[in-house]
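Here's the structure we're looking at; comments come further down.
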Amino acid sequence: MEEYLKAHKKAEYTIMLMNGTLNIYLKELQETADNRVQQIIRELKDKSGLTENMKNTDILYWVGTMNSIKA
């Protein structure tokens with residue numbers, strides 16, 4: 001995201017850099033993205049019927065499905 005800001009939002013990048021808010025902004029953006037990815041993974045697990053119990057009963061299916069979801 002920092003590279004995007006440098007290339008396409010030079011004024012905003014410079015202002016945040018000078019104010020010392022760039023790292024805070026980037027951290028918040030990363031946390032938001034990570035939370036969204038986790039939410040999508042949970043939704044896809046629910047749609048596929050994947051449960052935590054399957055780790056104990058059918059580990060290969062569970063791992064394969066989780067790999068597909070994460071990909």
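Computed over heavy atoms, backbone and side chain alike; hydrogens, waters and symmetry mates excluded.
- A salt bridge does not link Glu43 with Lys47: every distance from a Lys NZ or Arg NE/NH1/NH2 to an Asp or Glu carboxylate oxygen is 4.0 Å or more.
- A side-chain donor-acceptor contact under 3.5 Å links Gln30 and Asp34.
- By the neighbour-count criterion of 12 heavy atoms within 6.0 Å, atom NZ of Lys9 is sparsely surrounded, having that number or fewer from other residues, nucleotides or ligands.
- Apart from Ile24 itself, the hydrophobic cluster it occupies contains nothing, where clustering links Ile, Leu, Val, Met, Phe, Trp and Tyr at side-chain heavy-atom distances under 4.5 Å.
- The side chain to side chain donor-acceptor pair (under 3.5 Å) pairs that include a residue from residues 51-65 are Lys45-Glu52, Glu52-Lys55, where partners are two or more places apart or lie in different chains.
- Under 3.5 Å, the side chains of Gln39 and Arg42 contain no donor-acceptor pair of N or O atoms.
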Begin with the C-alpha distance, continue with both residues' side-chain angles, and end with the deciding distance and a verdict on side chain to side chain contact (heavy atoms under 4.5 Å, CB included) for Ile41 and Met66. CA-CA 9 Å; Ile41 288 172; Met66 281 302 294; 4.1 Å; yes

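- Hydrophobic clustering, defined by side-chain heavy atoms of Ile, Leu, Val, Met, Phe, Trp and Tyr closer than 4.5 Å, groups Tyr4 together with Met1, Leu5, Tyr13, Met16, Leu17, Leu22, Tyr25, Leu26, Leu29.
- For the atom pair CD of Glu28 and OG1 of Thr21, the computed distance is 9.5 Å after rounding to the nearest 0.5 Å.
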